[in-house]
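Some notes on the structure that comes next.
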Amino acid sequence: MLDLKFIRENPERVKEAVNNKKESGDVDAILDLDKRRREIINEVEVLKAERNTASKKIGELKKKGEDAGDIVKKMKEVSNRISDMDNELREVGEKLSSALLTIPNIPHPDTPVGGGEEDNMKIDEWGEKPAFDFKPRTHWELGEILDIIDLPRGANVSGSGFPVLKGAGAKLQRALINYMLDLHREKHGYCELRVPYLVTRETMTGTGQLPKLEDDMYSTSDDMFLIPTAEVPVTNLHKGEILTADQLPIYYESYTPCFRREAGSHGKDTRGLIRVHQFDKVELVKICHPDNSYDELEKLTSEAEYVLRTLNLPYRKAILCTADLSFAAAKCYDLEVYSAGVDKYLEVSSCSNFEDFQARRANIRFKPSPDTKPMFVHTLNGSALALPRTMIAIIENYQTRDGRIKIPEVLRGYMNGIEYIEA
RNA sequence: GGAGGGGUGGCCGAGCGGCUGAAGGCAGCUGCCUGCUAAGCAGUUAUAGGGUAACACCUAUCCAGGGUUCGAAUCCCUGCCCCUCCGCCA
């Protein structure tokens with residue numbers, strides 16, 4: 001959420017952001033509501049002041065045993081008017097708040113203006129694509145041959161988009177999860193969290209998934225939501241808190257399943273594990289001082305890259321353009337891993353700085369020093385990494401001619417030292 | 001699921017229709033005092049909105065939302081959260 005004052009003072013910049021992000025928030029409507037709201041406040045507060053002084057007087061009169069009938073009668077009318085105006089004020093206020101929630105964050109100057117994926121700015125490329133002297137198989141072919149991915153039975157239980165990993169496949173994913181969690185905890189200083197997978201509407205609003213993306217979320221009959229990413233429970237952990245400066249920066253990592261309806265993406269990349277309704281992910285979240293959030297973003301991104309590098313998976317890195325940038329983000333790096341079987345780059349991580357946009361929604365503040373006013377923190381997050389696409393890249397890039405999968409060195413300790421997955 | 005108890009300022013804790021934005025204590029800040037001691041004395045310290053050149057001033061806030069009343073921290077209703085006991089249960 002943007003600061004209302006900022007919108008009032010910079011309407012053109014906000015409109016530009018709305019357009020560049022291809023959002024539909026109505027800035028003029030907000031300005032009108034804001035103006036109307038302040039008018040009502042001015043009027044009603046005069047009446048309230050009147051009521052307060054009159055009430056005091058009534059109290060005094062009654063104590064002296066004098067008659068206050070006239071003034072009480074008059075105040076009853078004033079009270080009715082106040083109550084009418086309060087109702088209108090509440091209505092206008094609610095409209096204003098919900099309108100405010102539809103205004104996206106303003107992109108950082110580094111973010112290229114663009115209309116789609118093709119305008120993302122590629123800034124780095126790492127690693128060599130594997131060279132095969134045979135035609136590499138896709139992960140769904142290998143998954144079936146080795147009996148480590150069972151898509152039909154997943155569909156049998158839950159419908160398409162709910163894959164089942166089996167045997168060494170399940171083990172490989174767990175090895176990856178443990179590897180990533182250990183790495184970020186030991187090497188990068190993250191505190192590991194296990195968090196709820198069902199959250200409230202308020203929590204979903206705090207990080208910006210709601211109201212915009214409600215159709216993409218799974219919800220329950222009692223208005224809870226299955227998390228689409230650990231970002232939601234983890235960033236909201238300190239919702240409503242005022243932190244002290246020495247608590248910052250906070251680094252959290254959390255492994256969770258993620259649930260996404262993927263509404264509107266039918267038929268797009270739907271084979272195998274590429275795009276599914278439930279997947280696992282290790283997520284990194286940072287809560288930090290506004291002055292160094294962009295340094296933290298660089299660090300965060302490099303920590304995600306480190307996972308790819310130690311797994312020896314080739315990838316490329318891009319800054320998302322305005323149209324691809326998410327609603328709440330100011331700047332975002334995407335990491336895409338190359339996978340030989342599908343011969344594609346697959347997004348495995350988005351590392352974003354939300355500046356104070358989420359902090360304002362979730363009301364997460366800190367005191368720079370004990371006697372200064374609280375101000376909003378900056379929040380960041382990044383996947384490190386999303387599991388299915390990392391699995392895809394390992395299965396496809398590490399395959400052998402005879403249909404085995406070599407285990408990357410760094411994972412062997414998590415795989416009982418085995419060197420190959422084989423039939 | 002049943003039966004009770006509770007949610008007040010940075011913290012502890014009073015208040016239970018007007019004199020309470022809120023006693024008292026702790027912590028913090030300011031000054032004074034004291035050649036030692038986590039000592040003593042006085043003052044001061046919430047947040048948000050409106051308003052002002054800046055003050056002043058006004059409004060709201062005692063978990064949240066409704067209601068009663070001229071007037072609510074205080075009475076009534078609903079919800080949320082916490083605690084205790086019983087039941088159930090991985």
Side-chain angles (χ1 to χ4, degrees), chain A residues 1-9 30-101 194-206 210 219-225 232-233 236-248 256-257 356-357 359-377:
Chain A
M1 182 160 69
L2 295 177
D3 184 6
L4 185 54
K5 238 181 228 159
F6 178 86
I7 299 177
R8 200 184 289 152
E9 284 158 17
I30 286 175
L31 294 175
D32 286 346
L33 286 167
D34 175 45
K35 193 170 157 227
R36 177 75 193 123
R37 182 172 159 273
R38 285 190 292 163
E39 284 167 1
I40 299 171
I41 286 173
N42 276 326
E43 286 181 53
V44 77
E45 285 192 350
V46 170
L47 290 179
K48 283 184 180 174
E50 191 185 326
R51 181 181 68 184
N52 285 346
T53 51
S55 288
K56 217 171 257 179
K57 199 166 169 194
I58 291 167
E60 285 164 17
L61 287 175
K62 288 207 166 169
K63 209 193 290 182
K64 279 191 265 175
E66 292 175 25
D67 175 54
D70 285 354
I71 184 163
V72 167
K73 205 169 147 200
K74 199 173 152 212
M75 280 308 110
K76 178 140 182 100
E77 278 168 37
V78 172
S79 257
N80 285 339
R81 276 179 66 202
I82 288 174
S83 134
D84 288 346
M85 291 180 78
D86 269 345
N87 283 337
E88 197 187 344
L89 184 61
R90 186 165 36 79
E91 235 170 78
V92 171
E94 275 165 14
K95 276 187 199 158
L96 181 61
S97 316
S98 57
L100 220 43
L101 289 177
R194 308 235 69 205
V195 293
Y197 305 153
L198 276 171
V199 298
T200 59
R201 180 173 285 276
E202 181 188 86
T203 297
M204 287 289 264
T205 308
L210 294 183
S219 56
T220 70
S221 51
D222 45 2
D223 209 36
M224 302 280 282
F225 293 82
V232 177
N236 278 290
L237 205 66
H238 295 286
K239 177 156 59 81
E241 287 187 39
I242 299 176
L243 305 164
T244 56
D246 61 353
Q247 286 178 272
L248 303 180
T256 69
D356 64 6
F357 189 85
R360 186 172 284 111
R361 285 182 167 229
N363 195 25
I364 308 168
R365 294 174 292 171
F366 78 106
K367 282 195 172 205
S369 69
D371 50 353
T372 51
K373 279 193 168 189
M375 59 192 288
F376 290 111
V377 297

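Computed from heavy atoms alone, side chains included, the values below leave out hydrogens, waters and symmetry copies. Below, chains carry the letters A, B, ... as their sequence lines are ordered, and counting in each starts from 1.
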Is a donor-acceptor contact shorter than 3.5 angstrom present between the side chain of Glu45(A) and the base of rG49(B)? yes
Identify the nucleotide, in any strand shown, that forms a Watson-Crick or G-U wobble pair with rC11(B), with both distances under 3.5 Å; if there is none, say none. rG25(B)
Count the heavy atoms belonging to other residues, nucleotides or ligands that lie under 6.0 Å from CG of Asp70(A), then report whether that count exceeds 12. no
Tell me which nucleotide among rU59(B), rG66(B), rC70(B) gets nearest to the side chain of Arg90(A). rG66(B)
Side-chain N or O of Asn52(A) closer than 4.0 Å to phosphate OP1/OP2 of rU59(B): yes
What's the gap between rU8(B) and rG2(B) when it is taken at their C1' atoms, as a whole Å value? 30 Å
Span that lies between the P atom of rU68(B) and that of rC11(B), in whole angstrom: 33 Å
Glu50(A) CD to rC57(B) C1': how many Å, rounded? 16 Å
Scan every strand shown for a Watson-Crick or G-U wobble partner of rU47(B), both distances under 3.5 Å, and answer none if you come up empty. rA60(B)
Heavy atoms only, 4.0 Å cut-off, all strands: where does Lys74(A) land among base, sugar-phosphate and nothing? nothing
For rC16(B), what is the paired nucleotide under Watson-Crick or G-U wobble rules, both distances under 3.5 Å? none
Tell me which nucleotide, if any, is Watson-Crick or G-U wobble paired with rA42(B) when both distances must be under 3.5 Å. rU30(B)
Counting the atoms with a prime plus P, OP1 and OP2 as sugar-phosphate, which does Arg365(A) contact under 4.0 Å by heavy atoms, base, sugar-phosphate, or nothing? nothing
With rounding to the closest Å, how many angstrom separate the P atoms on rC32(B) and rU20(B)? 33 Å
Crowding at CZ, Arg8(A) (>12 non-hydrogen neighbours, <6.0 Å): yes
Span that lies between the P atom of rU45(B) and that of rA53(B), in whole angstrom: 26 Å
Sorted by position of nearest nucleotide on RNA chain B, 5' first, the leading residue of Arg37(A) and Gly59(A) is Gly59(A)
Taking rG66(B) as the reference, what is the distance to rG10(B) when you measure between their C1' atoms (whole Å, please)? 31 Å
Which of rC58(B), rC70(B), rG50(B) is nearest the side chain of Arg51(A)? It is rC70(B)
Kindly check if the number of other-residue, nucleotide or ligand heavy atoms within 6.0 Å of CD (Glu202(A)) is above 12? no
Would you say Lys76(A) reaches rC70(B)'s phosphate, i.e. side-chain N/O to OP1/OP2 under 4.0 Å? yes
Is there a side-chain contact between Asn87(A) and Glu91(A), using heavy atoms and a 4.5 Å cut-off? no
In whole angstroms, the gap separating P of rA72(B) from CE of Met75(A) amounts to 14 Å
Once you apply a heavy-atom cut-off of 4.0 Å, does Ala54(A) come out as touching a base, just sugar-phosphate, or nothing? nothing
Taking pairing as Watson-Crick or G-U wobble with both contacts under 3.5 Å, can you name the mate of rG4(B), or confirm there isn't one? rC83(B)
P atom, rC80(B) versus rA64(B): distance in rounded Å? 16 Å
Are the side chains of Leu101(A) and Met1(A) in touch, meaning some heavy atoms are under 4.5 Å apart? yes
Toward the 5' end of RNA chain B, by each residue's nearest nucleotide, Asp34(A) or Ile58(A): Asp34(A)
When the P atoms of rU30(B) and rA46(B) are compared, how many Å lie between them, rounded to an integer? 15 Å
Which nucleotide sits closest to the side chain of Lys62(A): rC70(B), rU59(B), rG49(B)? rC70(B)
May I ask you to say whether Asp86(A) pairs ionically with Lys48(A), meaning some side-chain N is under 4.0 Å from a carboxylate O? yes
How far does the C1' atom of rC19(B) sit from the matching atom of rG71(B), given to the nearest Å? 13 Å
Short side-chain N/O contact from Ser79(A) to OP1 or OP2 of rU69(B), under 4.0 Å: no
Give a yes or no on whether a salt bridge exists between Arg36(A) and Glu39(A), defined as a side-chain N under 4.0 angstrom from a carboxylate O. yes
Asn42(A) has its side chain closest, among rC70(B), rG51(B), rG49(B), to rG51(B)
